[in-house]
Amino acid sequence: MEVKLLTRNFENPESWTLAAYEKAGGYRTFPKALAMDPEAVIQLVKDSGLRGRGGAGFPTGMKWGFVPKGTEKPKYLCVNADESEPGTFKDRYLLEKDPHALIEGIIITCWAVGIHHAYVYIRGEFGLPYYRLRDAVQEAYDKGYLGTNVGGKGFQLDITIHRGAGAYICGEETGLIESLEGKKGQPRLKPPFPAVIGVFGCPTVVNNVETIQAVTWILEHGAAEYKKYGTEKSPGTKLFSVSGHVNRPGVFEIPLGLPCKTLVHDLCGGIRNGKRQKANIVGGSSVPVLTGEEADQVDLDYESLAAAGTMLGSGGMIVMDEDTCMVWTLAVILKFYAHESCGQCTPCREGTGWIRNLVYRLEAGGGTAQDLDKLLSITKNMMGTTICVLADAAAMPTESFLKKFRREFEAHAGAGRCPIRGASSHFLTAAH
Amino acid sequence: MQPFVKPTEDITTRQACQVESLGHPVQFSAENQKTFQHLLTRYPTKQAAVLPTLWLAQEEFGWISTEVIEYVSELLDLPPSHVYGVVSFYTMFYRKPMGKYHVQLCTNVSCMLMGGGTILDCLREKLGIDLNETTADGLFSLSEVECLAACEMAPMAQVNDEFHGPLTPEGVNQLVESLKKRG
Ligand SMILES: Cc1cc2nc3c(=O)[nH]c(=O)nc-3n(C[C@H](O)[C@H](O)[C@H](O)COP(=O)(O)O)c2cc1C
Ligand code: SF4
Ligand code: FES
């Protein structure tokens, strides 16, 4: 059920140290990569079918291939360690437990694309993961795995860790780039894509932590070996972070295509207190919700989830039991997006606030049944009309909650109180 | 028809931002001046050093006052308005003095599903302050934050840079008492 490729070292004593990583066979793969033609490394990653693990699922080798060749400008790698999609905590585990595997993946990626400086953009709230990564980078410099002569092969590579300062939108790749340039993290219009014009006006690759760590494994074991796991179109493994009403929340590395039922009911020990699964958000709070029945029938890969009307996203799975009020849950989710809108686009800035307020009012037993249609007309105007997809990330869950749990919303409207939780929830009026 | 819940201030961009004044100019310690010079070598532009420089300043001075903004803008050859804009965009730069222990309760979805609301009540009662306030002795500040990527320990809170969870009412008591003892 679980397949430990990227999590292979998690149980090793002091797994985050250089000594432990080398003992487990670490830093023996990048010399192999550096002996290869960079194009061949890119081809190998293409052959593996690896898709970005940050949320969008874009093929990694193809992304690297978009970086222009023969340009005079320096090129950069930005590793996205901003991990702030609600429900997602897998990158934190990777950083805490195996930071050297990330560094080795960075070396391989930079060699393949011709990059000499990598920035790891790590969310500002992270303490331990930041300290572990910082110490690991220092160890790697001291050992000559970074610097002017990487591994004695004459390749120059620097890694700089850049701490964010609390803003979800800096996880969006162009928001991240703006933030790294020392500005507010407000996303840019695309195109141009970062591969052509990214940070400091130069070609830039942006990849998630998990993506880069998968690169290390793929180079060590080969594309064919990687493709033995997962499905034909969704090869490999994926880290899922599961939270909410399950008996054993945590991070699980599974082959793509595993039935969701197996993850929830076996690996996570099922729903707490023997309750029924009412709903499941499989890929982080931005993706459409599934009912418990739907979740029990779906497989966890890009294609099956798309067919079920949702997305794999970041693999941040949030499980809800039968006692959960869905109006209240949506209110909590919308509080987040209204807070995190960067304010550049009117449909997002206004829309996230409006839908939050409408759902707040419904949650408290106010409003009318017409609010449901009003909500849907606002979300319609938010989708596909903005610079980045944060607006869609607020609109999609709203639409799916309303579609799948409409009765519950109708029962709230004008009822004077939440029919499920009773009194309205104090936190909704808290100054935020 | 029921009134709307009072809209909070963050609808336009992020939290309303007012920066307090310290009353006197600031300067990095000799050691931090060295750290700052080293920072500059890691980026192709001076502007890119804004966030790390502000972090360094917050470490040394505790919070970001108007004087710190002016100092950082001089160091980096940037208009103070640019630095102010950056400070106000991010939630982790403090624009006023904070308690020694900053208790930040996650009120995002997984933590709320697991009883974060009850924990918020416990914290308010135990500390005797509301959100965004600091105790009179300057020991504790209380805030709510969004998902901290630690949902497996829901309901959870961050105290300075340490994560704590899953929290129970009893656990909140113990946590606050142990911090008080540490002083
Ligand atoms: C609002 C928003 C927030 C995002 N947050 C993150 C994040 O925290 N971490 C991440 O890796 N990707 C995040 N992404 C996706 C990135 O934009 C980008 O697609 C990703 O880092 C690319 O890496 P990958 O190809 O390896 O997945 C976010 C996207 C959006 C629209
Ligand atoms: S969609 Fe929202 S978060 Fe994205 S750029 Fe526009 S205002 Fe900012
Ligand atoms: S929801 Fe609280 S840490 Fe993720």
Side-chain angles (χ1 to χ4, degrees), chain A residues 83-84 86-89 91-92 123-127 158 160 162-168 179-185 200 241 243-245 249-251 285 316 318 320 324 329 332-333 335-336 338-340 342-343 349 353 357 360-361 364-368 425-432, chain B residues 1-15 42-52 54-55 76 78 82 85-86 88-93 104 107-110 112-114 116-117 120-121 130-132 144-154 158 160-163:
Chain A
E83 187 156 74
S84 33
T88 315
F89 45 93
D91 296 338
R92 194 184 105 238
R123 67 178 294 181
E125 291 88 344
F126 277 165
D158 281 301
T160 299
H162 190 87
R163 291 180 73 196
Y168 168 65
S179 178
L180 182 56
E181 289 183 356
K183 301 182 230 161
K184 299 178 203 164
F200 310 123
S241 19
S243 62
H245 298 144
V251 172
S285 73
I318 304 164
M320 286 149 275
T324 310
T329 305
V332 180
I333 290 175
K335 164 178 83 74
F336 171 74
H339 180 248
E340 299 298 337
C342 85
R349 180 187 63 241
N357 288 353
Y360 272 17
R361 184 167 71 175
T368 68
S425 313
H426 49 298
F427 83 94
L428 292 177
T429 50
H432 191 68
Chain B
M1 195 160 118
Q2 298 247 338
F4 274 100
V5 175
K6 188 170 144 277
T8 44
E9 288 163 6
D10 58 65
I11 285 183
T12 42
T13 52
R14 303 183 63 82
Q15 288 150 313
R42 306 302 296 186
Y43 302 93
T45 67
K46 264 188 157 180
Q47 177 177 277
V50 168
L51 254 58
L54 284 167
W55 273 118
L76 297 173
L78 292 166
H82 179 91
V86 169
S88 63
F89 186 80
Y90 299 91
T91 55
M92 295 185 74
F93 295 127
Q104 305 171 78
T107 57
N108 207 298
V109 58
S110 299
M112 291 308 283
L113 284 169
M114 299 300 284
L120 177 55
D121 285 342
D130 208 338
L131 288 168
N132 305 326
E144 77 184 305
V145 289
E146 297 298 351
C147 179
L148 290 170
C151 327
E152 84 280 22
M153 40 174 115
Q158 179 171 24
N160 298 350
D161 63 10
E162 271 173 32
F163 287 177

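Order of the sequence lines sets the chain letters (A, B, ...), proteins ahead of strands, with each chain counted from 1.
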Quick check on Ala154(B) against chain A: is it the side chain, the backbone, both or neither that has a heavy atom closer than 4.5 Å? neither
Applying a strict 4.5 Å limit to non-hydrogen atoms, the region of Gln158(B) in contact with chain A is side chain
Contact between [X] and [Y] at the side-chain level, heavy atoms closer than 4.5 Å - yes or no?
X         : Y         : answer
Cys342(A) : Phe89(B)  : yes
Glu181(A) : Thr45(B)  : no
Glu152(B) : Arg92(A)  : yes
Arg123(A) : Leu148(B) : yes
Val332(A) : Thr107(B) : no

Given the options Gly182(A), Ala165(A), Gly127(A), which has more heavy-atom pairs under 4.5 Å with chain B than any of the others? Ala165(A)
Quick one: what part of Phe200(A) sits under 4.5 Å from any heavy atom of chain B, side chain, backbone, both or neither? side chain
Tell me, for Ile333(A) versus chain B, whether the close heavy atoms (under 4.5 Å) come from the side chain, the backbone, both or neither. side chain
Out of curiosity, [X] [atom1] to [Y] [atom2], how far, rounded to the nearest 0.5 Å?
X         : Y         : atom1 : atom2 : answer
Tyr168(A) : Glu146(B) : OH    : CD    : 11.0 Å
Leu113(B) : His245(A) : CG    : NE2   : 4.5 Å
Glu340(A) : Thr91(B)  : CD    : OG1   : 7.0 Å
Phe126(A) : Asp161(B) : CZ    : CG    : 12.5 Å
Glu144(B) : His339(A) : CD    : NE2   : 8.5 Å
His162(A) : Leu51(B)  : NE2   : CG    : 4.5 Å

Between the side chains of Thr160(A) and Tyr43(B), does any donor sit under 3.5 Å from an acceptor? no
Over all heavy atoms of both residues, which pair between [X] and [Y] is shortest? Give the atoms and the distance, please.
X        : Y         : value
Phe89(A) : Ala150(B) : CB-N, 4.0 Å
Gly87(A) : Ser110(B) : CA-OG, 4.4 Å
Tyr90(B) : Ser179(A) : OH-OG, 2.9 Å

